[in-house]
Protein chains: 2
Amino acid sequence: MKEIKLSFAEENYLKAIYHLSGDDEQAVSTNAIADTLNTKAASVTDMIKKLSNKGVISYQKYRGVKVSEMGQKAALQVVRKHRLWETFLVEKLKFNWDEVHEVAEQLEHIKSPLLIKRLDEFLGYPKYDPHGDPIPDEFGEFKSKPRVALGDCIIGHEGVVVAVKDASAPFLQYVDKIGAYIGAKIKVIDKVEFDSSLEILIDNKKTVFISKEVSENIWITE
Amino acid sequence: MKEIKLSFAEENYLKAIYHLSGDDEQAVSTNAIADTLNTKAASVTDMIKKLSNKGVISYQKYRGVKVSEMGQKAALQVVRKHRLWETFLVEKLKFNWDEVHEVAEQLEHIKSPLLIKRLDEFLGYPKYDPHGDPIPDEFGEFKSKPRVALGDCIIGHEGVVVAVKDASAPFLQYVDKIGAYIGAKIKVIDKVEFDSSLEILIDNKKTVFISKEVSENIWITE
DNA sequence: AAAATTTTTTAGATATATCTAAATTGCTAT
DNA sequence: ATAGCAATTTAGATATATCTAAAAAATTTT
Ligand SMILES: [Mn+2]
Ligand SMILES: [Mn+2]
Ligand SMILES: [Mn+2]
Ligand SMILES: [Mn+2]
């Protein structure tokens, strides 16, 4: 068993590829990676070759890449670190959930197994990060809560917000404003045929209209 | 006022130069820097030119370098981060004081003013790190406790350990073993003419003999 | 099935951070 | 004062990570 050592840039690419490949482990295209990481396709091709040589992805020219067994292990460790750090920032340092992503993007690359072990312990072995995303354990195991995007709910469906898909500051600030925090109770009141926007009731108090796009980025219990 | 952006490597060099220049702000030689950072003199010359162009050091060929006003500010911010993180690791994550240096060496480069502000707050604005070194505040201000190296004490001198000079794991483990932790009470019993080793009494309990080298790396109150 | 378009790769640069070996400068001891 | 040695710099490589522009392959449209 050879250990894989990855640079910051390599970890970022691998994580992006892992996220893009999704549950069905689709092959990921060069352009998709470039878009995610705000780099150019040519840079992606270069990096893809390096990652392929290290065995963390499989690559066929012009056919996109897939994450290998080993690559998934490595990607999940980066994801684990990212989410543990986000949890630390919110729980211990009182960051708002829209302020943590950029910093975690840096912290996730710190190399120290002991640090992560102790951080996990310090946080009480959290299972979900501030955005509702599951935190993989040291073996890469995790489970998501059963959930459905608001946009896919039928009228009358009622549930509790369990996660947000987009973790960008502008989106989270909007979610804050309407009060649809993780844990908020939501009922789908009406769906507008014209633009698929939704009318929802939040915490039995407030009725708001949300766009289709917003509705696709908030997950609630089934 | 132009803000200075430094890479990891640049921060490491600047910090090393700052430490090497000492209180008297001596010019620092190329070889001294290379030794400290385990690099080669040629690499140091290259980096020196970059740091000089950025205005954080002043450089005269063949004459060594001095840290500028701006450079000192920048160096102290890196030192501040290093020592705050070390404090965090010991106080919150239960690291031993001999386990923190390497990790802090990485964490000190994370760029986020908010993170450091909140970390400082979370730790209760500590004034000293686990090795007894003073933690600069956000303006770079700090004060060391009045102190004297054990090796410079006269026979009969009594004081409390306030800091250790060497922060390497082997040295700290030795200090642990003899029980000369920060805060331990120490009395100089005798000094051996032959090799300048010392006989000391620790916490009124235990008498141990320490080498000259060790005695130069432990500071106690005057 | 060809043509047009899009996607991907290659070729050739640039920037950072290192290194070894050779040249140069500075210091010291005769 | 100068010869010799030590310290430093320069020259020329290597490795990583990025880019633009051009070429090649795949896909889509006609
Ligand atoms: Mn990252
Ligand atoms: Mn998250
Ligand atoms: Mn460092
Ligand atoms: Mn320290």
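In what follows, chains are A, B, ... by sequence order, proteins preceding strands, each numbered from 1.
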Determine whether a donor-acceptor pair (N or O, by modelled atom type, separation under 3.5 Å) exists between the side chain of [X] and the backbone of [Y].
X	Y	result
A:Arg83	A:Pro134	yes
A:Gln106	B:Lys111	yes
A:Lys92	A:Leu123	no

Open item on the list: What contact category does A:Phe8 fall into here, base, sugar-phosphate, or nothing, at under 4.0 angstrom with non-hydrogen atoms?
Closed with: nothing

Open item on the list: Checking side-chain polar atoms at under 3.5 Å, does B:Ser197 have a donor or acceptor matched by the opposite partner on B:Asp195?
Closed with: yes

Open item on the list: Is a donor from one side chain sitting under 3.5 angstrom from an acceptor on the other, for B:Ser168 and B:Asp166?
Closed with: yes

Look for any protein N or O under 3.5 Å of an N or O in nucleotides 25-27 of chain C and output each such pair with its distance, or none.
unit_1: C:dT25; atom_1: O4'; unit_2: B:Tyr62; atom_2: OH; d: 3.4

Open item on the list: Reading DNA chain D from 5' to 3', where do the contacts with chain A start and stop? Cut-off is 4.0 Å to heavy atoms.
Closed with: D:dT16 to D:dT27

TODO: Kindly calculate the angle separating the two end axes of the helix from C:dA1-D:dT30 to C:dT30-D:dA1, each obtained from five base pairs, and round it to 10 degrees.
DONE: 10°

- [ ] Hey, could you give me each pair passing side-chain hydrogen bond (donor to acceptor under 3.5 Å, both in side chains) that has a residue in residues 123-142 of chain A? Not counting sequence neighbours.
- [x] A:Glu86-A:His131

Open item on the list: Below 4.0 angstrom, which residues in residues 40-51 of chain B have at least one non-hydrogen atom near DNA chain D?
Closed with: B:Ala41, B:Ala42, B:Thr45, B:Lys49

- [ ] Please list, chain by chain and in numerical order, all residues satisfying side chain to side chain contact (heavy atoms under 4.5 Å, CB included) with B:Glu102, sequence neighbours excluded.
- [x] none

